[in-house]
Amino acid sequence: MIDFDNELNEAQREAVTTTEGPVLVIAGAGSGKTRTIVYRLAHLVNQGVDPAQILLLTFTRKASQEMLARAESILGRSLHTASGGTFHSFSYATLRMNSADIGFDNGFTLMDRADSENICKDVRDEMGLGKGDRSYPKKATLLDMITKSRNKELPIDAIMEREAYHLSPYLEDMLKISDGYAQFKREHALVDYDDLLFLLDKLLATNEPLRNQLQARYRYIMVDEYQDTNLVQARIVKHLAGTRGNVMAVGDDAQSIYAFRGANVANILEFPKIFEGTKIVRLEKNYRSVQPILDLTNEILKGATTKFDKHLYSDLKSDTLPQVVHPLSDQTQARLVVDQILELGRRYMLHDVAVLFRAGYQSFPLEVALTRIGIDYQKFGGIRFHEAAHVKDVLSYIRLVLNPHDLLAWQRAMEHIKGVGPKTVAKIYRAMHSGLENDKKYMAKMLKKHEPLQELLAELNRLRSTVQKPSAVLEAVLAFYQPILIEKYPDDYPKRQAGLEQLSQIAVGYTEMEQFIGDLSLDGDPEDEKRKENAVVLSTVHSAKGLEWSAVIIIDLVEDRFPSRKAMQRAEDLEEERRLMYVACTRAKRELKLFVPGSVYNRASGMSDPTLPSPFVLELPDSVFERLNESYGGGLEQRRRAYEPPAPVLARNEDEGPSPEPAAPKADPSKLGFCKHKIFGRGKIIAQLESNKFRVNFPGFGLKVIIGDYLELL
DNA sequence: TGCCTCATAGTTTTT
DNA sequence: CTATGAGGCA
């Protein structure tokens, strides 16, 4: 039997044992949210609920697998019949079983981001839009607008007006491309990530028998990270739960970090309105972090404009404060972080130490440094396994077996044939599907001209005609692809080959090809599956959500990086960055180190640019952290004086008012750029204080006030 | 039409 | 520095 009294606090116990009716759990960071879900799973099964009646929707597949596994170990029995996964994977599975009902009589294919972008490009070319316009929105931008509009369920012009005003000259074009994109998908039986959710919503809204069937099956629904659901996901939950549904939503409004994807914090706040009689449970006591870390994270939340009714507290004591470290540059930052990792490695297992950053590329210098010194690491976020070119090549054959109308897959599969490009592929595609006499002749001609095309079609026919297990199909495809792989990637094909072998290993666990393909695109990253022992973790903050480590290092805490430059324009975006910072810091259990490099490499100029510390660090009161500086010898020393805060930089030019006199000969006040100083070297001018006095940030030296005569403008 | 070269712009986050 | 896309040549 499970000892709920000892394992859970009162609030947790209430959430666990309230199994009937809607429950909303507002769970602060580290308050035992996962524990609550795990014990609730166990409790339900203990009460005699059939695991098959449980649906657990989480944000990543990994999260749901972990929770189910933990519940299994508590119960000592298997829960493999319980349904768990992401909204997207659940949608995919449900839609696949009902594909005819949503207008795909012959099934459909799930696309990834790159596929979607390429369609945008094709549609644009097809319509002949923006020819010769170098500043025309890129395919990634086009798709961004389209999916944002869908996820927020607002028209494109509204999105544009609110967050991409500079694109408004292209509004008309974008509307056309958006329509063309939708049409292309329909014609080729393709479905993107957003479609999964919208199609399921529509299916549930219109197909009453199915809805009833699912409502009857899933008597207990749990949704994790509810603050990051968007409107359509909320509707899906509503459909599944029915009117008297037993649904538990768990989330933390202070940790909402997916607004860019349409996540709507209002969902969690309105949950009690949608589900009448909702019982609200608040988990406020923190069991993860030592109090000094919580003192710091509470400060971060204090600066938020949307006030959160939260003040985390903990019984865990510590006499060491979180650290703010100022390396001279991002290069030395990498070295100092490696030193820190080695040092932390004496106290913790390396996989219990994480380095977090805002964007995937920010870890590159660190990855180099770690590799050089021989420390193993595991990276989360950034490029994914299924996005690698060779994997997509292989999958294209399989996609063609499943869906011969998948034009994107045809393009990929024929790419390597010499003399065949996108136009020819389109022609061949049309010819293959029309069956007209002329087209047959054209096909015959092409087959004669391109021998590899013959081989490809023969191989596909062979695969189509025999029903085989995914692993067998994959084996055949890999054999066929082998020569192409070697030809296409002569430099590194052994490495890619190894990746493909990994792919076929995963396939062994599947009986259905569609499921295999779907899982792969819906976050089935095999690298993630095997959690490396004793490898330090590198992760984007987004991918770190819901995880925890004994020691956490956050790097690149400077303006334009964290917060991201793109988020500096709108107050709303900056708020999300703040919550992101909050999420990052609350991952730490015992030690937290914030790195603020004095300069960062700028690949546009090929030089190091001086930085401004992140506002999230600047606003922290001195009492909640200890400050360390990199000394010129390369070590760290405690800084005695408080850091001199720079002048507000919001209105860099206008701030100081018009200059009373003509500019000093060497300093042009209209241009606050870079300068050089005899002693301090290169620096960035942040503000003009008087006609001939400037505030300058010198990498490694901090902010100085300098007379213009001593500066050489660059 | 395909393929190569050169210019240019621009760096989030994820299912 | 790298990805994207325009433009030229075969």
Side-chain angles (χ1 to χ4, degrees), chain A residues 57-63 85-92 110-114 116-118 120-121 124-125 130-144 147-148 150-151 191-198 225 228-230 232-233 256-263 356-362 364 380-384 386-387 414-415 417-428 449-450 518-525 539-545 556 560-568 573 576-577 579-581 583-584 600-607:
Chain A
L57 294 172
T58 55
F59 218 65
T60 62
R61 221 167 37 124
K62 196 168 50 157
T86 61
F87 274 92
H88 290 86
S89 66
F90 176 73
S91 297
Y92 181 72
L110 176 65
M111 303 183 290
D112 67 7
R113 167 96 200 182
S116 299
E117 286 184 1
N118 289 333
C120 288
K121 172 93 171 65
R124 181 195 145 182
D125 288 349
K131 273 207 162 134
D133 180 357
R134 284 202 174 271
S135 54
Y136 201 85
K138 306 255 171 290
K139 58 182 183 178
T141 313
L142 296 172
L143 184 67
D144 268 350
T147 64
K148 223 167 213 175
R150 298 197 71 202
N151 277 293
V191 157
D192 67 15
Y193 290 127
D194 303 332
D195 292 328
L196 289 177
L197 303 178
F198 284 99
E225 309 282 10
D228 283 325
T229 55
N230 61 18
V232 63
Q233 286 170 322
S256 158
I257 55 174
Y258 279 93
F260 71 91
R261 195 168 108 177
L356 306 183
F357 33 86
R358 177 66 180 83
Y361 72 90
Q362 286 169 4
F364 293 159
F380 296 97
I383 333 106
R384 304 189 132 49
H386 73 268
E387 286 167 356
M414 292 189 204
E415 207 174 44
I417 301 174
K418 272 259 174 266
V420 176
K423 293 276 182 189
T424 311
V425 173
K427 264 194 196 163
I428 294 175
K449 192 167 159 194
H450 303 290
D519 281 3
L520 216 53
S521 311
L522 296 168
D523 102 342
D525 199 325
S539 175
T540 59
V541 181
H542 283 90
S543 297
K545 193 168 78 154
D556 278 357
D560 288 356
R561 293 226 175 168
F562 198 165
S564 152
R565 166 193 290 209
K566 296 211 171 182
M568 303 280 291
D573 292 339
E576 179 145 318
E577 299 286 310
R579 294 192 297 268
L580 206 49
M581 176 71 179
V583 168
V600 292
Y601 181 73
N602 176 343
R603 69 170 179 233
S605 64
M607 302 178 74

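Side-chain atoms of A:L522 lie closest to B:dT15 of the nucleotides B:dT13, B:dT15, B:dG2. Of the candidate nucleotides B:dG2, B:dT13, B:dT15, B:dT13 has the atom lying nearest to any side-chain atom of A:T540. Nearest nucleotide to the side chain of A:R113, out of B:dT15, B:dG2, B:dT13: B:dT15.
The shortest distance between the side-chain N/O atoms of A:T60 and the OP1/OP2 oxygens of B:dT14 is not below 4.0 Å.
An aromatic stacking contact links A:F260 with the base of B:dT13, defined here by ring centres under 5.5 Å apart and ring planes under 30° from parallel.
Atom CZ of A:F59 and atom C1' of B:dT14 are 7 Å apart (whole Å). Rounded to a whole Å, the CZ atom of A:F198 is 13 Å from the C1' atom of B:dT15. Across the protein-nucleic acid pair, A:F562 atom CZ and B:dT11 atom P stand 19 Å apart, rounded to whole Å. A straight line from CD1 of A:I428 to C1' of B:dT1 spans 12 Å, rounded to a whole angstrom. One can place CD of A:E225 at 12 Å from P of B:dT15, the figure rounded to the nearest angstrom. Between the CE atom of A:M581 and the P atom of B:dT13 there is a distance of 18 Å, given to the nearest Å. Atom CD in A:Q362 sits about 8 Å away from atom P in B:dT13, given to the nearest Å. Between A:L143 atom CG and B:dT14 atom P the separation is 15 Å, expressed in whole Å.
For A:R150, the salt bridge (charged side-chain N to carboxylate O under 4.0 Å, His left out) test picks out A:D192, A:D195, with sequence neighbours left out. With sequence neighbours left out, A:R124 forms a salt bridge (charged side-chain N to carboxylate O under 4.0 Å, His left out) with no residue at all. Residues that satisfy the salt bridge (charged side-chain N to carboxylate O under 4.0 Å, His left out) test with A:K121, not counting sequence neighbours, are A:D125. Judged as a side-chain hydrogen bond (donor to acceptor under 3.5 Å, both in side chains), and not counting sequence neighbours, the contacts of A:N151 are A:D194, A:N230. Judged as a ring pair (Phe, Tyr, Trp, His ring centres under 6.0 Å), and not counting sequence neighbours, the contacts of A:Y136 are A:Y170.
The distance from atom CZ of A:F59 to atom NE2 of A:H542, rounded to the nearest 0.5 Å, is 9.0 Å. With rounding to the nearest 0.5 angstrom, the OG1 atom of A:T147 is 11.0 Å from the CG atom of A:L142.
Within the 4.0 angstrom heavy-atom criterion, no nucleotide atom of any strand lies near A:Y361. Residue-level contact check: A:V420 touches the backbone only, with heavy atoms under 4.0 Å from sugar-phosphate atoms and none from bases. Within 4.0 Å (heavy atoms only), A:K423 reaches sugar-phosphate atoms of the nucleic acid but no base atom.
Position along DNA chain B of the nearest nucleotide to A:G419 versus A:E577 favours A:G419 as the more 5'-ward residue. Place A:H542 and A:T424 on DNA chain B by their nearest nucleotides, and A:T424 ends up nearer the 5' end.
With A:Y258 as the aromatic partner, A:K545 does not meet the cation-pi criteria of under 6.0 angstrom to the ring centre and within 45 degrees of the ring axis.
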Any protein N or O atoms within reach of nucleotides 4-10 of chain C? Criterion: under 3.5 Å, listing atom names and distances.
unit_1	atom_1	unit_2	atom_2	d
C:dA6	OP1	A:R124	NH2	3.0

